[in-house]
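Below is one structure, written out as structure tokens, with a few remarks after it.
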Amino acid sequence: MTLPIVKRYLIAFEQYKWAGLSTFMLALGVSGAVAMILEPPETPPYTASGILTYQNPPVLFSETGQSIRERGQQLNEGMLLQPRVVESVMEKVAVTPKELKDNLKVNIKNQADAPSFIQVSYRDLNRERAVEIVNVMMKEMVEQSRLINTQQLRDIIDTVTTRLEPVEQELRQAEKALEQYDKREGATLLAIESGVLPEAIVGNQKQQQDTQIQLDTLTAQIQSLQSRLGLNADQAYVSQALTADPIIAQLRVQLYQIESQLALLRQDYRDEHPQVATLIKQKQAAERQLQARASEVLGGDGIAAPLRQANQIRVDSSLDPARQQLAQNLMTLQTQKETLQQQLENLKKIEVDLRETYRTLPNKQLEKQRLEQELAYKRALYDKMKAQLVDSQAAEAETVSSLKVAQEGYASDVEIPEAISMALILAGGGLAGVLGGAVLIFVLGMLSGKFYTWEEIKGALQEREVPLLGLLPNVMFFEESFQEMPLLLKPHSPYLEYYEKVRSNLQRSGDKPARVVLITSAGDLEGKTFCAYNLAIATARAGKRTLLIEGDLRSPSRVESLKLAPEPLSGTEPLHYYGDANNCIRLVPDVQNLYVIPSPGPVRQAATVLESSEMKRLLNEVRYRFDMVIIDVPSLSANNDALTLEPLTDGMILVARPSYTLSGQLGEFAEQLTEIDEDEDSTKYRPRLLGAIINGADIEVEWFEEPIEDNLIPVHSATSQRTLPAQSSPMAQLPPKVKR
């Protein structure tokens, strides 16, 4: 598999190879001119060298000291040539920073089969001065190694000391949390462990059974007394209370006397007779007194006397002593029954509480285990940090330098070098030209502003948090079916699975599956129409009722690729064309479940048509008639048609293509669609970006034998156009209307 940067370079090489060749020729010419005028070299200076080796310190008793020793053997040049070392050498030997930078060389050699060492070299015209600088430099490096080890140890101690206090606080909080939980839930956990809670549940059920038996017994006794009295408990209470009242008894006697006199007088006189009228008034007054007294006796709790007639009161107050005793027994049993019923309800509530406690017991046990485990973790961390602190403090006395001088500085005699040959200079110039040309081609490719590989586009989308819905390979198609666009009309095309992956990812994006989507791109020639057509075909192949809408009203229709002919008169009255959905929707003959609304374009004032009520009504209707609606619209850089239609859909999809998509353009539109401004009004509508598709990726596609063998050719932009006969679209083949 070729690396993305290599693929990018090969593409840039094809475009800028002449610039690289020019750079190579220029470097070769410059090297030739330099070779002709180059003077012979002067006598070289003396080079003094010394060697430092890693030393093993004395016996170590701390693990931290051992770790510091191992780190001390991983030094680099930057760690050894700290400003302190350079300044000390400059002060002791009187050398300038430029001289040290130009003539000092530190070579760290790490060997697997031999001890590692550090070689320090210095070039100077004076041999003694070169040796002195090397020796001083090595001594300062040894001291610097000791300071590095000491500083590392001090950093460890400071870090552990800083972290130890909050860790100890967390440990105490964990201990307190476990202690409080034990105080709050310990009794419950102990009850289940000792078996008290299950016994309480069983005992509660036994009490309920006993109480229910008592209730059944009392109910039978009450029913027996009610059948003997002919009264229920409330009626027995009323009769017993009225019968026991002496005033009511006196009023009853008075009424009997009045009624007896009335019966004698009415034999001889009418009701208008003064004596009869007087007795009637006395009777009415006695009845009113009887009703008032009955109300006082009964207390007015819903069965009060004012609601009763005098005759009924007299009947209710006529219990004999035996029936009064039965009524008293009935009321006593009723009171006992109500008490037992209340007791039974309380037992049931207690059982619910016990069962709820028993049900939540596993959670409480798990919570206690979690608190104990958390406490164990924090205690282990605290103990580890405490041990580390003690170990680090013990390692302070063991810290020494990791380096020692193995060989003092030494400068050997020098020989006068020979002049560099012209061939070697030309070879070096040619090599520099090749490298310079390669770098120039790479830089020009970077400055072109385009994505050359699909990996670069994927990285840019991930950086801006744009979901990637799928990768679409370069399409190869059969020569016999060559057409303006390489559509996947064959049911066994190997490319359908890539579009099926895009469709399934699209259904999983967002809170709910998208039904109406826009497909657009940042710029032109990125394959948005190609992706829209083939995605619609793949969706229809999956058994979904799919509608493809050509939303680019500024360009001619391309439905000829689907063996359909556009409506010739649709461009004259586009609003009328979109106003009748049944007439503008066309059935694709070669793909089952696929329908298309051809574009009437090019039309004038396309934005007006897209903003019309006919277009809104059409999109609202097809949303409920089709499982998926795909709208192909112009690119975002061309016009605002995509943003005009987006509020009527579930969101838009961006299409990008290597070697065509501009990085700045894609980044600008992606940030506009995904960036959320905190100061912006939250009620303001923002376009929804569902994700992106990378078209034309160089990925391998497995081919398999088709029923008819054809030659495969790569996809190029075709210019041929064909006029096909108009296809009929019977109303019976359209999806039915769905009531909203």
Side-chain angles (χ1 to χ4, degrees), residues 475 477-478 480-491 493 495-496 499 516-519 527-603 606 609-610 614-615 618-619 621-622 625-634 715 717-736:
V475 178
F477 65 97
F478 294 97
E480 292 182 0
S481 62
F482 183 78
Q483 50 194 355
E484 186 179 0
M485 284 193 303
L487 301 183
L488 309 180
L489 297 177
K490 294 190 176 183
S493 173
Y495 299 102
L496 286 175
Y499 288 89
V516 181
V517 296
L518 283 172
I519 295 186
K528 60 176 183 57
T529 303
F530 165 77
C531 294
Y533 270 72
N534 286 329
L535 180 59
I537 293 173
T539 306
R541 294 289 189 198
K544 306 293 184 180
R545 293 178 300 178
T546 308
L547 175 64
L548 173 64
I549 300 178
E550 291 187 324
D552 188 358
L553 306 186
R554 306 173 192 270
S555 304
S557 175
R558 308 182 73 174
V559 294
E560 295 179 354
S561 302
L562 297 174
K563 299 181 181 181
L564 292 173
E567 182 66 33
L569 301 179
S570 60
T572 58
E573 295 183 1
L575 295 180
H576 178 72
Y577 173 72
Y578 285 117
D580 190 354
N582 294 326
N583 290 333
C584 65
I585 298 177
R586 310 286 295 280
L587 173 65
V588 178
D590 291 345
V591 182
Q592 189 178 4
N593 296 323
L594 180 59
Y595 302 82
V596 64
I597 298 181
S599 168
V603 299
V609 177
L610 296 177
E614 286 81 1
M615 179 61 72
L618 173 65
L619 293 180
E621 181 177 352
V622 298
R625 296 177 64 180
F626 293 91
D627 298 325
M628 175 63 73
V629 179
I630 300 174
I631 307 175
D632 174 33
V633 294
V715 174
S717 60
T719 58
S720 63
Q721 296 183 356
R722 295 176 294 175
T723 303
L724 301 177
Q727 302 292 327
S728 62
S729 57
M731 293 299 298
Q733 295 177 342
L734 292 178

Could you list the residues that satisfy salt bridge (Lys or Arg N to Asp or Glu O under 4.0 Å) with Asp632, not counting sequence neighbours? Lys528
What pairs meet the salt bridge (Lys or Arg N to Asp or Glu O under 4.0 Å) rule with one or both residues in residues 569-583, with sequence neighbours excluded? none
Measuring from [X]:[atom1] to [Y]:[atom2], what's the distance to the nearest 0.5 Å?
| X | Y | atom1 | atom2 | result |
| --- | --- | --- | --- | --- |
| Arg558 | Ser555 | CZ | OG | 8.5 Å |
| Tyr595 | Ile585 | OH | CD1 | 9.0 Å |
| Leu547 | Leu618 | CG | CG | 7.5 Å |
| Ile549 | Ile597 | CD1 | CD1 | 4.0 Å |
| Thr546 | Leu535 | OG1 | CG | 8.5 Å |
| Leu548 | Leu594 | CG | CG | 6.5 Å |

If you compare all heavy atoms of [X] against all heavy atoms of [Y], which two are closest, and at what distance to 0.1 Å?
| X | Y | answer |
| --- | --- | --- |
| Asp590 | Arg541 | O-NH2, 3.9 Å |
| Ala532 | Ile519 | CA-CD1, 3.7 Å |
| Pro566 | Ser557 | CB-CB, 4.0 Å |

Do Val517 and Val629 pass the side chain to side chain contact (heavy atoms under 4.5 Å, CB included) test, and can you show the C-alpha distance, the side-chain angles, and the key distance before you say yes or no? CA-CA 6 Å; Val517 296; Val629 179; over 6 Å; no
Using the test side chain to side chain contact (heavy atoms under 4.5 Å, CB included), find all partners of Val609 that sit at least two apart in sequence or belong to another chain. Leu553, Pro574, Leu575, Tyr578
Asn534: what forms a side chain to side chain contact (heavy atoms under 4.5 Å, CB included) with it, not counting sequence neighbours? Leu487, Leu488, Tyr499, Phe530, Ile537
Could you tell me if the side chain of Leu489 sits less than 4.5 Å from the side chain of Val591, heavy atoms only? yes
Donor-acceptor pair, Arg586 side chain versus Ala565 backbone, under 3.5 Å? yes
By side chain to side chain donor-acceptor pair (under 3.5 Å), Asp627 pairs with (sequence neighbours left out) none
Could I get the full list of side chain to side chain donor-acceptor pair (under 3.5 Å) partners for Tyr533, not counting sequence neighbours? Glu550
Yes or no on side chain to side chain contact (heavy atoms under 4.5 Å, CB included) for Thr539 and Asn593, after CA distance, side-chain angles and deciding distance? CA-CA 9 Å; Thr539 306; Asn593 296 323; over 6 Å; no
